[in-house]
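All remarks here apply to the structure that follows.
Bear in mind that the values here come from a model prediction, so they are computed numbers and not experimental data. Lettering of chains follows the sequences in order, A, B, ..., and the numbering in each one begins at 1.
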Amino acid sequence: KAGVTQTPRYLIKTRGQQVTLSCSPISGHRSVSWYQQTPGQGLQFLFEYFSETQRNKGNFPGRFSGRQFSNSRSEMNVSTLELGDSALYLCASSWADRPYTEAFFGQGTRLTVV
Amino acid sequence: AQSVTQPDIHITVSEGASLELRCNYSYGATPYLFWYVQSPGQGLQLLLKYFSGDTLVQGIKGFEAEFKRSQSSFNLRKPSVHWSDAAEYFCAVVPKTGANNLFFGTGTRLTVIP
């Protein structure tokens, strides 16, 4: 059974640009969550999607957005990139959202903003 | 305030020695409890979880954790550490009401010396 797949693994972007990251969940999983990991702030929740609907959102500016498709694949977009957006972005999938079922993480996308 | 605390930023142990990583949480009701491990440049791998029932839970790679309600703790243990256990370990919770996402501690980096 394939795990959570995130693409691309590495990205280098320039300040002001926008970026789209992709996440394919484990087959059958309908919930996809995104997390940002930085040395200073640690692991922080961005948002969660279930059946194409955003169910939950963390405390991030509107430049961070996401969506989920009917096949449960998800994308997140960051517009007008800032240096502080440099981070490892992790996607996690789970079978259901409520009651909570365990989440499985992808290997992440390392975004560097220069 | 709700929080997850990992008091040890960095722990060094000798190969073959026992290991205990501490985790305390502050939530009104006992949340779902997790331990994840992250190798450098990789995503998070679930080691074990506690939802209810037996307070001693077994996980993968020979790890176990004990839930102690009176101490609001969920400490991770391993009787004999292997060099391959060197990684960063994260304690995480999901509240049983309200937000349905993982809240992470700041992590404990484990170094294993021969």
Side-chain angles (χ1 to χ4, degrees), chain A residues 3-7 9-10 21 23-26 29-51 53-60 66 87-112, chain B residues 1-10 21 23 25 27 29-53 57-60 63 65 67 74 87-109:
Chain A
V4 179
T5 303
Q6 291 188 247
T7 56
R9 290 292 311 279
Y10 302 93
L21 312 181
C23 172
S24 294
I26 291 172
H29 284 193
R30 294 185 295 167
S31 174
V32 174
S33 299
W34 289 88
Y35 293 83
Q36 181 197 64
Q37 185 178 25
T38 60
Q41 299 299 315
L43 282 152
Q44 294 186 289
F45 170 73
L46 280 156
F47 27 65
E48 181 218 356
Y49 288 86
F50 183 81
S51 293
T53 301
Q54 187 180 89
R55 289 296 190 93
N56 195 7
K57 189 176 189 304
N59 189 25
F60 279 82
L88 181 67
Y89 290 89
L90 293 164
C91 166
S93 78
S94 57
W95 184 77
D97 64 341
R98 289 176 176 80
Y100 186 81
T101 58
E102 62 195 70
F104 296 87
F105 282 81
Q107 292 195 303
T109 294
R110 171 74 63 185
L111 172 64
T112 302
Chain B
Q2 298 179 329
S3 65
V4 182
T5 303
Q6 293 181 249
D8 304 305
I9 296 173
H10 184 205
L21 303 182
C23 174
Y25 60 89
Y27 283 80
T30 301
Y32 300 122
L33 298 161
F34 307 84
W35 275 99
Y36 282 89
V37 61
Q38 185 179 39
S39 298
Q42 301 298 312
L44 299 169
Q45 182 180 23
L46 180 65
L47 285 174
L48 45 75
K49 63 183 186 288
Y50 176 76
F51 283 16
S52 64
V57 294
Q58 302 298 320
I60 62 170
F63 285 92
F67 165 62
F74 188 56
E88 185 125 24
Y89 292 80
F90 293 93
C91 179
V93 307
V94 172
K96 288 182 179 173
T97 58
N100 195 50
N101 56 272
L102 288 157
F103 293 88
F104 288 89
T106 50
T108 298
R109 183 161 64 92

Legend entry - Part of Gln45(B) within contact of chain A (heavy atom distance under 4.5 Å): neither
Legend entry - Closest approach of Glu102(A) to Phe51(B) (non-hydrogen atoms, all atoms of both residues): N-CZ, 4.4 Å
Inset, instruction - Could you look at Gln37(A) and say if it's the side chain, the backbone, both or neither that has a heavy atom under 4.5 Å from chain B? - result: side chain
Inset, instruction - Taking atom CZ of Arg9(A) as the centre, report whether more than 12 heavy atoms of other residues, nucleotides or ligands fall under 6.0 Å from it. - result: yes
Legend entry - Contacting region of Phe90(B) [heavy-atom separation from chain A under 4.5 Å]: side chain
Inset, instruction - Check whether any side-chain heavy atom of Leu102(B) sits under 4.5 Å from a side-chain heavy atom of Phe105(A), and report yes or no. - result: yes
Legend entry - Interface moiety of Leu88(A) toward chain B, non-hydrogen atoms closer than 4.5 Å: side chain
Inset, instruction - Would you indicate whether Ile9(B), at its atom CD1, is surrounded by more than 12 heavy atoms from other residues, nucleotides or ligands within a distance under 6.0 Å? - result: no
